[in-house]
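This report refers to the structure that appears directly beneath it.
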Number of protein chains: 2
Amino acid sequence: MTAGIRHDEMRKRNRALVIAAVRQAGQPSRTEIVRRTGLSHSTISAIAADLIEEGTMRETGQGEPMPAKRGRPQVAIGLNPEAAAVVCLYLSFNCLSIVLVDYRGEVIEQRKHRLTTLALSRQELLDAVVSAVADIARGHGRVMHIACAMQGIADSAERLLLWSPITPHSNLPIGPTLEAAFRLPVTVQNDCNMMAVALRWLNPDRYGDNFIAVLLSHGIGMGLVLNGKMFTGTRSSAGEFGHMVHEPGGALCRCGRRGCIEAYAGNYAIWRKALGKSAEEPPVADIEAAEMEALAELARREDGPARLAFREAGRALGYGLGNLFALIDPAPVAVVGQGAAAFDILEPEIRRALAETAGGQHAEAISFQTLPKEVPLILHGAAMTALTSLDRETFAPGLSTSANGRAERRAHVA
Amino acid sequence: MTAGIRHDEMRKRNRALVIAAVRQAGQPSRTEIVRRTGLSHSTISAIAADLIEEGTMRETGQGEPMPAKRGRPQVAIGLNPEAAAVVCLYLSFNCLSIVLVDYRGEVIEQRKHRLTTLALSRQELLDAVVSAVADIARGHGRVMHIACAMQGIADSAERLLLWSPITPHSNLPIGPTLEAAFRLPVTVQNDCNMMAVALRWLNPDRYGDNFIAVLLSHGIGMGLVLNGKMFTGTRSSAGEFGHMVHEPGGALCRCGRRGCIEAYAGNYAIWRKALGKSAEEPPVADIEAAEMEALAELARREDGPARLAFREAGRALGYGLGNLFALIDPAPVAVVGQGAAAFDILEPEIRRALAETAGGQHAEAISFQTLPKEVPLILHGAAMTALTSLDRETFAPGLSTSANGRAERRAHVA
DNA sequence: TTCTTTTTTTCGAAGCTCGAAAAAATGGGC
DNA sequence: GCCCATTTTTTCGAGCTTCGAAAAAAAGAA
């Protein structure tokens with residue numbers, strides 16, 4: 001049983017709706033917002049006036065040069081870049097990428113720190129993150145949110161990094177640490193989920209209510225959007241696609257179990273097989289991108305263990321996707337990361353395996369898009385997560401009239 | 001971009017909220033509704049008065065004898081059983097179960113028709129369904145919805161039975177046929193989804209926002225609730241858990257493919273293996289419940305092919321669940337149908353396999369509940385689906401005041 | 001019988017959205 | 001260069017809805 005709709009909440013929701021419409025449309029006119037939200041001209045006029053006066057939005061002359069029509073020209077409205085800023089960071093193996101983004105979503109500043117994540121102590125790792133944030137936020141007064149994306153299993157509610165391949169430590173309190181240091185709301189999310197969020201913003205036609213983002217890199221990750229919502233099981237991890245069992249008792253996986261998809265399709269698995277090593281060989285910690293590229297080139301050129309390795313990877317991925325599709329019906333797939341660069345080698349085998357599964361009944365109709373660079377995608381997803389959270393929680397509840405007082409009183413009581 | 005909230009829609013939603021609260025609580029007082037919905041006393045008083053005047057709800061004296069407290073006694077409110085009735089039917093192998101249910105959810109009448117579904121022509125099957133509905137609805141004027149649950153793959157939007165093991169025909173237009181015959185809204189759903197809906201109503205504490213209902217019977221079916229919503233992929237089928245691949249290229253499945261979970265854990269698979277037949281043997285159409293029961297008894301008593309068959313079934317189920325849990329995190333499981341009666345034999349092997357998967361990290365913590373009888377569950381789920389649909393679409397939009405006219409005009413325009 | 005307590009209804013206030021009409025801002029035509 | 005047509009945006013009054021406070025109702029307790 002959800003709460004009933006109160007009168008003041010209606011305004012709050014409609015404000016949020018207007019902000020969302022502007023964020024999606026870029027620089028819509030009031031009339032365009034009317035069309036998108038279904039609200040009346042009068043209401044949009046009132047809400048827009050409020051939001052402009054509060055500094056959340058601003059009139060931006062003519063955004064795109066509208067086709068010169070007769071009649072009063074439309075006034076474009078955009079989000080005010082100075083209304084807020086957010087810091088987004090992506091913690092991955094030996095690398096901390098960090099960006100400062102304005103309220104519109106434009107990157108203000110961008111840095112990359114190299115660090116040996118496996119060697120750092122708990123405290124050193126936390127310190128590195130805190131100082132990177134402090135560093136990039138320095139001199140920018142309006143930072144209002146910090147969004148963290150990370151490899152591994154995150155607990156979004158508690159904002160912990162439960163487990164990650166990049167560090168031997170578990171239950172890292174990234175969220176609480178940042179919150180204590182900066183007194184700002186912090187979100188902690190799995191990197192693949194952030195990819196999915198980004199894809200949705202970048203290409204809503206293709207990535208609509210149901211789709212899958214697969215990260216093929218040293219490990220295998222997945223972000224799942226189902227029924228129009230990011231799916232994040234009970235924790236924020238879910239989508240442990242890479243650790244579905246492909247062959248019971250099969251190859252040794254980084255997670256210590258056997259036969260996982262990742263143990264056939266992760267970089268380390270392809271590398272291991274291509275170099276003729278045993279499937280029992282413990283996974284190496286990292287492989288240079290150039291080295292994987294060289295293996296792919298070799299596999300393209302000649303028949304041999306390299307080609308076999310990629311084939312086996314494709315087969316594991318195909319069966320895995322087929323099993324997934326059996327559960328959730330076929331949906332568009334985005335293949336992101338290192339593996340996207342070698343997708344030409346993987347694809348035939350993926351489709352062959354898919355065709356043998358229930359989910360792949362029309363295997364040829366399933367559509368893949370490849371995006372080799374994952375980092376910009378992940379950071380963009382984190383930024384949009386942070387910004388939409390601001391939209392809702394900071395800019396929507398602030399009512400301009402006295403109803404505000406009422407809402408606040410209620411909040412204190414509850 | 002969803003539609004904005006209009007003023008009249010607020011009332012509509014709050015009316016729906018009140019109806020839902022009453023349906024869940026049974027016979028709440030107005031004060032109890034206030035507590036559940038978070039709306040004010042005045043609002044509840046007004047909405048309740050409207051709904052009672054319209055005949056949707058009624059005051060029902062004291063529902064349960066409230067503990068005699070001081071003060072004005074609470075007046076229990078309940079749904080008016082005469083406000084509507086719905087017909088729910090379940091079409092399964094050789095059997096058509098059908099019930100008439102009042103608006104409160106109580107069964108008024110209940111019948112069971114035997115028919116040889118595999119032998120019937122398209123038209124004969126449709127006619128059988130229509131005449132069964134006409135039969136049970138005769139003399140009950142207020143039937144307002146027909147809900148169909150069926151084995152197989154349903155297209156809920158078009159209300160077709162796309163494919164089913166119970167008939168050689170495909171794309172059966174069950175929904176359109178019933179709609180044409182009775183001029184009533186008709187819903188068509190997969191049987192396992194209806195089980196899940198029912199479980200949620202019967203035990204909301206256990207079956208909350210994420211859980212799994214598995215039907216172990218001649219075939220294997222699954223209903224999935226994720227993020228508090230029935231998950232029904234792009235069509236209403238999804239959850240083809242039984243056709244996830246357990247062993248690539250393995251045993252022959254009823255679907256014609258190889259290695260599906262069902263080809264190890266369906267009744268026909270257990271029977272085939274227990275009787276020492278080859279895994280290549282084409283699946284038989286049906287097996288008597290008594291015969292399966294006898295096999296289970298044999299497996300309990302002595303080591304041998306029967307026990308082996310159940311073990312293999314458990315192993316396939318365990319790996320399948322483990323792979324599912326890898327994707328969606330562990331969740332409570334309800335095991336329904338024939339297989340629930342033999343769950344004592346299956347469980348150890350299920351847990352053993354689970355423990356070898358990523359999703360089964362804490363295999364012993366995953367909790368199973370067994371419910372041997374699936375039919376009442378399926379019919380109850382269909383009834384609740386029909387009734388909540390009525391709640392929303394028939395009783396919530398009917399505003400008592402003149403705002404109604406406005407909403408109707410709008411609906412015509414749109 | 002009167003007082004206390006709890007539930008339910010009534011009543012006025014405040015806020016929101018809406019439709020219609022007015023105002024604003026521009027291009028087109030003569 | 002002026003006036004009209006057209007489109008966008010704002011203004012204004014009406015109509016609902018929710019809410020809080022106070023009153024009314026309906027019992028048990030003293």
Side-chain angles (χ1 to χ4, degrees), chain A residues 3-18 28-35 37-53 59 61-63 65-77 399-407 409-410 413, chain B residues 3-18 28-35 37-53 59 61-63 65-77 399-407 409-410 413:
Chain A
I5 303 179
R6 263 178 257 91
H7 211 172
D8 46 350
E9 196 172 345
M10 182 162 66
R11 217 329 147 60
K12 175 179 164 177
R13 288 205 197 189
N14 285 343
R15 278 172 64 104
L17 210 59
V18 169
S29 67
R30 290 174 176 77
T31 307
E32 169 69 10
I33 300 176
V34 166
R35 209 182 50 69
T37 59
L39 295 166
S40 71
H41 276 132
S42 1
T43 303
I44 295 303
S45 187
I47 293 180
D50 281 2
L51 288 171
I52 289 172
E53 193 192 311
E59 298 192 343
Q62 248 78 337
M66 313 242 171
K69 291 175 304 183
R70 238 165 123 131
R72 178 172 175 174
Q74 305 190 352
V75 179
I77 293 180
L399 275 75
S400 56
T401 64
S402 67
N404 194 12
R406 213 198 313 178
R409 242 184 299 133
R410 179 173 299 278
V413 174
Chain B
I5 302 180
R6 264 177 259 91
H7 214 166
D8 46 350
E9 196 170 346
M10 183 162 67
R11 215 334 146 56
K12 174 180 164 177
R13 288 203 197 189
N14 285 342
R15 279 172 63 103
L17 210 60
V18 169
S29 67
R30 289 173 176 78
T31 307
E32 169 70 9
I33 300 176
V34 166
R35 210 184 48 70
T37 60
L39 295 166
S40 72
H41 276 155
S42 359
T43 304
I44 296 303
S45 187
I47 292 179
D50 282 2
L51 289 171
I52 288 172
E53 193 191 312
E59 298 192 344
Q62 248 79 334
M66 313 242 173
K69 292 175 303 184
R70 238 164 123 129
R72 178 172 174 173
Q74 305 190 353
V75 180
I77 293 180
L399 273 75
S400 55
T401 64
S402 67
N404 195 13
R406 209 196 317 175
R409 242 183 299 134
R410 177 173 300 278
V413 173

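Here is the naming used below: chain letters follow the sequence lines, and residue numbers restart at 1 for every chain.
- For B/Ala48, the side chain to side chain contact (heavy atoms under 4.5 Å, CB included) partners two or more places apart in sequence, or in a different chain, are B/Arg30, B/Met57, B/Ile77.
- In this structure, CG in B/Leu39 is found 4.5 Å from CG in B/Asn14, a value given to the nearest 0.5 Å.
- With rounding to whole Å, B/Arg30 atom CZ is found 13 Å from C/dT7 atom P.
- Put simply, the side chain of B/Ser45 never gets that close to the backbone of B/His41: no donor and acceptor are under 3.5 Å apart.
- Comparing A/Glu59 and B/Thr43 along DNA chain D, the residue whose closest nucleotide (by nearest heavy atom) sits nearer the 5' end is A/Glu59.
- Rounded to an integer number of Å, the gap from CD1 of B/Ile44 to P of D/dT17 is 14 Å.
- Residues meeting the side-chain hydrogen bond (donor to acceptor under 3.5 Å, both in side chains) test with A/Arg72, sequence neighbours left out: none.
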Might you list the N or O atoms of the protein lying below 3.5 Å from N or O atoms in nucleotides 2-5 of chain D, with each pair's distance?
residue: D/dA5; atom: O4'; partner: A/Arg70; partner atom: NH2; Å: 3.1

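- Under 4.0 angstrom from either OP1 or OP2 of D/dT17 there lies no side-chain N or O belonging to B/Asn14.
- Separation of atoms CD1 (A/Ile52) and CD (A/Glu59) is listed at 4.5 Å; rounding is to 0.5 Å.
- Distance, A/Gln74 CD to C/dG27 C1': 15 Å, rounded to whole Å.
- Atom CZ of A/Arg11 and atom P of C/dT17 are 5 Å apart (whole Å).
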With the criterion being N/O to N/O and under 3.5 Å, what pairs connect the protein with nucleotides 11-14 of chain D, and how long is each?
none

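- Applying the side-chain hydrogen bond (donor to acceptor under 3.5 Å, both in side chains) test to B/Thr43 and every residue at least two apart in sequence or in another chain returns B/Ser40.
- Residue A/Leu39 contributes atom CG, which lies 15 Å from atom P of D/dT9 at whole-angstrom precision.
- Of the candidate nucleotides C/dC18, D/dA26, D/dT9, D/dT9 has the atom nearest to the side chain of A/Val75.
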Worksheet item: Can you check salt bridge (charged side-chain N to carboxylate O under 4.0 Å, His left out) on B/Arg35 and B/Glu32, steps first, answer last?
Response: CA-CA 5 Å; B/Arg35 210 184 48 70; B/Glu32 169 70 9; 2.9 Å; yes
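- Across C/dT17, D/dA25, C/dT26, the shortest atom-to-atom separation from the side chain of A/Ile47 is found for C/dT17.
- Regarding B/Lys12, its NZ atom lies at a distance of 15 Å from the P atom of D/dT18, rounded to whole Å.
- Checked against C/dT8, D/dA26, C/dA25, the side chain of B/Pro73 finds its nearest nucleotide in D/dA26.
- One interatomic measurement links the two molecules: CD of A/Glu9 to P of C/dT17, which rounds to 13 Å at whole-angstrom precision.
- Atom CE of B/Met10 is separated from atom P of C/dC18 by 11 Å (rounded to the nearest Å).
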